[in-house]
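Scroll down for the structure; my scribbles are underneath it.
Excluded from the calculations below are hydrogen atoms, water molecules and symmetry mates; all remaining heavy atoms, backbone and side chain alike, are included. Note that the structure is a prediction, hence the values are computed from the model and not measured. Numbers here simply count residues along the sequence, with the first being 1.
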Amino acid sequence: KFMLVPTGMRNFLEPVLLFIRDEMVYPNMGAKDGRTYLPYFWSIFFFILACNLIGLLPQPFGITATGNFNVTGALAVLTLMVGIVGGTVKKGAAGYWLGLIPPGIPGGPMGYVLKPFIFVLEVIGLFARHVALMIRLFANMTAGHAILAVLAMWLTLTPAMLPIRLFQAMGSVAMISFEIFIALVQAYIFTILSAIYIGLSLAEEH
């Protein structure tokens with residue numbers, strides 16, 4: 001039976017899905033394009049979040065996939081390809097690639113010189129943005145887990161004095177809580193930047 005009021009897991013997921021749609025995707029892509037690509041953004045958000053949270057589990061389960069360049073690189077390439085293919089389908093190959101050149105460049109001989117130069121810069125910028133997307137996620141997740149590893153080592157090497165142990169335990173709990181927050185933030189940042197980049201590829205002026 002269809003329930004109008006969400007319950008159970010749906011009660012948790014629905015606000016998150018609506019937040020991604022209304023606060024991240026639609027403002028950067030518009031409702032029409034955003035609705036088409038919404039499943040992609042839902043998928044990468046929960047995939048990244050799951051990978052980040054799994055990395056907080058004790059070994060041997062706590063392997064952070066997003067702390068690997070291969071994974072973050074694949075996600076960045078996927079976002080890049082979605083933008084290029086989506087822009088090409090919407091505007092045609094010539095329309096998409098020539099649309100990278102911003103308007104307002106003067107005509108005449110100066111324009112013939114500037115346009116190829118600016119086109120090359122825009123293509124480099126297109127790829128550079130996605131390289132930064134890859135590095136940002138990798139670096140943040142790697143750094144957070146490195147700090148947790150240092151805290152764990154400190155816990156095992158320091159004397160077993162009760163005040164020190166209590167302080168260490170409080171610090172570990174605070175750090176793990178912070179890592180959970182970082183896991184959410186990094187999933188949010190990657191998703192919203194992907195929405196911005198894909199939205200730029202689909203926009204008529206680009």
Taking the side chain as everything from C-beta on, heavy atoms only, tell me whether [X] gets closer than 4.5 Å to [Y].
X    : Y    : value
Y188 : F19  : yes
E122 : P102 : yes
M29  : F41  : yes
Y37  : L202 : yes
W42  : V25  : no
L80  : L133 : no
H130 : V77  : no
Y96  : V89  : no

Test: R136 cationic atom under 6.0 Å from F190 six-membered ring centre, within 45° of axis
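No cation-pi geometry.
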Any chance you could lay out the side chain to side chain contact (heavy atoms under 4.5 Å, CB included) test for M141 and L137, step after step, and finish with the verdict?
CA-CA 6 Å; M141 298 314 301; L137 179 58; 4.0 Å; yes
Ignoring hydrogens, what is the shortest heavy-atom contact between [X] and [Y]? Give both atom names and the distance.
X    : Y    : value
L126 : R129 : CD1-NH2, 3.4 Å
L184 : F45  : O-CE1, 4.5 Å
A195 : M24  : CB-O, 3.7 Å

Would you kindly confirm whether [X] and [Y] end up in one hydrophobic cluster when ILVMFWY residues are joined by side chain heavy atoms under 4.5 Å apart?
X    : Y    : value
M81  : L78  : no
V131 : I44  : no
I180 : F46  : yes
I182 : M134 : no
I118 : V123 : yes

Which value, rounded to the nearest 0.5 Å, describes the distance between [X] atom [atom1] and [Y] atom [atom2]?
X   : Y    : atom1 : atom2 : value
L49 : Q186 : CG    : CD    : 11.5 Å
L38 : L17  : CG    : CG    : 8.0 Å
K90 : T88  : NZ    : OG1   : 12.5 Å
I84 : S201 : CD1   : OG    : 7.0 Å
N28 : T191 : CG    : OG1   : 11.5 Å
S43 : I48  : OG    : CD1   : 10.5 Å

Tell me the salt bridge (charged side-chain N to carboxylate O under 4.0 Å, His left out) pairs involving residues 15-27, sequence neighbours left out?
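Passing the test, one end in residues 15-27: no pairs.
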T79 side chain to Y40 side chain, donor-acceptor N/O pair below 3.5 angstrom
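The criterion, which ignores hydrogens and geometry beyond distance, is satisfied for Y40 and T79.
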With a cut-off of 3.5 Å and sequence neighbours excluded, list every side-chain donor-acceptor pair involving residues 65-73.
unit_1, atom_1, unit_2, atom_2, d
T66, OG1, N52, OD1, 2.4
N68, OD1, N70, N, 2.7
N68, OD1, N70, ND2, 3.2
T72, OG1, N68, O, 3.4
T72, OG1, F69, O, 3.4

If the condition is side-chain contact (heavy atoms from CB on, under 4.5 Å), which residues does V185 pass it with, not counting sequence neighbours?
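Result, side-chain contact (heavy atoms from CB on, under 4.5 Å) vs V185: F181, I189.
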